[in-house]
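Here is the structure we will look at, set down as structure tokens.
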Amino acid sequence: MLVALCSLSFFSCTDKAATDNANANGEEAPKTEKMTEAPKPTGDAEKDAKACVDYLVQTIDETDFTDKAAQENLEKTMNSLQEEFEAYYTEKGEDAKKAFDEAGKKASENVNLEELMMKKVMEAVKAAGVDLKDTPKEK
């Protein structure tokens with residue numbers, strides 16, 4: 001959901017981002033690709049929570065926020081990861097789910113995914129040459 005909000009706010013203030021994503025030769029700039037595979041549940045709540053947070057940070061960092069398809073892929077990736085781990089730990093029982101939830105809070109104590117995504121969106125807006133002072137305000 002957060003990714004969708006970031007995407008909507010970015011693309012509502014810049015339609016030219018996609019067309020400006022070419023290098024000096026007019027070739028399409030390369031899109032960032034994930035370098036690792038998504039983690040899989042192991043049953044170790046702390047290890048799994050840390051792996052999820054680390055993977056999300058890396059994936060957000062590697063996402064090209066000037067590319068709508070990349071943003072949609074990020075949202076799908078985040079949702080898929082959440083669904084897989086929630087289903088796994090729910091199936092393991094209430095205690096396992098609680099342990100994973102607590103480990104997730106601990107693993108993300110020093111990581112603000114929303115702030116990281118907003119930073120990436122703002123970098124994309126700046127790279128697209130959009131002046132936010134000219135963006136209409138919501139009422």
Side-chain angles (χ1 to χ4, degrees):
M1 186 165 120
L2 179 61
V3 176
L5 290 173
C6 291
S7 300
L8 288 174
S9 64
F10 176 67
F11 281 101
S12 67
C13 68
T14 169
D15 288 332
K16 72 177 205 161
T19 59
D20 286 353
N21 195 27
N23 64 21
N25 298 325
E27 299 169 335
E28 185 72 16
K31 304 292 181 228
T32 306
E33 295 182 12
K34 289 188 288 184
M35 298 168 76
T36 61
E37 291 185 24
K40 298 292 181 196
T42 65
D44 181 335
E46 288 187 27
K47 179 180 174 184
D48 287 349
K50 181 171 179 2
C52 284
V53 170
D54 289 349
Y55 179 74
L56 289 175
V57 167
Q58 177 182 347
T59 304
I60 290 167
D61 192 50
E62 293 174 349
T63 298
D64 178 358
F65 278 84
T66 64
D67 180 8
K68 189 172 183 175
Q71 291 182 48
E72 290 170 354
N73 187 47
L74 173 63
E75 183 176 13
K76 288 177 190 175
T77 298
M78 292 176 78
N79 290 337
S80 175
L81 194 65
Q82 180 180 358
E83 289 170 7
E84 180 177 7
F85 278 84
E86 281 186 6
Y88 178 86
Y89 279 97
T90 297
E91 186 177 300
K92 293 284 236 177
E94 189 175 318
D95 290 340
K97 175 91 169 81
K98 184 178 177 183
F100 179 70
D101 290 343
E102 289 175 8
K105 288 178 186 174
K106 182 180 176 185
S108 62
E109 272 180 354
N110 298 320
V111 177
N112 186 333
L113 295 176
E114 180 179 352
E115 185 177 296
L116 178 60
M117 287 187 1
M118 287 308 298
K119 178 182 173 197
K120 294 288 291 180
V121 167
M122 295 309 294
E123 288 172 2
V125 167
K126 185 177 179 180
V130 175
D131 186 356
L132 294 178
K133 292 182 269 183
D134 296 334
T135 305
K137 305 261 190 274
E138 286 187 33
K139 294 182 181 184

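Since this is a predicted model, take the numbers as computed values, not measurements.
For the residue pair Asn112 and Glu115, the shortest heavy atom distance occurs at OD1-N, 2.9 Å. Nearest approach of Lys40 to Phe85, heavy atoms of both residues: C-CZ, 3.6 Å. In this structure, Gln71 and Asp64 approach most closely via the heavy-atom pair CG-O, 4.4 Å. In terms of heavy atoms, Leu56 sits closest to Met78 at CD2-CG, 3.6 Å. Contact record, Thr66 with Ala124: CG2-CB, 3.5 Å, taken as the closest heavy-atom pair. Residues Ile60 and Phe65 share a closest heavy-atom pair of O-CE1, 3.7 Å.
The residues Lys105 and Asp101 are annotated as not salt-bridged, no charged nitrogen and carboxylate oxygen being separated by less than 4.0 angstrom.
Side-chain contact between Glu86 and Lys97 is present, with heavy atoms from C-beta onward closer than 4.5 Å. Within the 4.5 Å cutoff, the side chain of Leu113 has no heavy atoms near those of the Ser108 side chain.
Checking side-chain atoms of Ser80 against main-chain N and O of Lys76 turns up no donor-acceptor pair under 3.5 Å.
The distance from the CD atom of Glu62 to the CG atom of Leu74 is 10.5 Å, given to the nearest 0.5 Å. Interatomic distance, CD of Glu114 versus CE of Met118, reported as 7.5 Å (0.5 Å rounding). Interatomic distance, Thr63 OG1 to Gln58 CD, rounded to the nearest 0.5 Å: 10.0 Å. To the nearest 0.5 angstrom, Asp95 atom CG is 15.5 Å from Phe100 atom CZ.
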Notebook entry, point to check: Given Leu116 and Val111, is the side-chain contact (heavy atoms from CB on, under 4.5 Å) satisfied, shown in steps?
Noted result: CA-CA 8 Å; Leu116 178 60; Val111 177; 5.6 Å; no
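Residues Tyr89 and Asp48 bring a donor and an acceptor atom of their side chains to less than 3.5 Å of each other.
Around CD of Glu123, the count of heavy atoms belonging to other residues, nucleotides or ligands within 6.0 Å exceeds 12.
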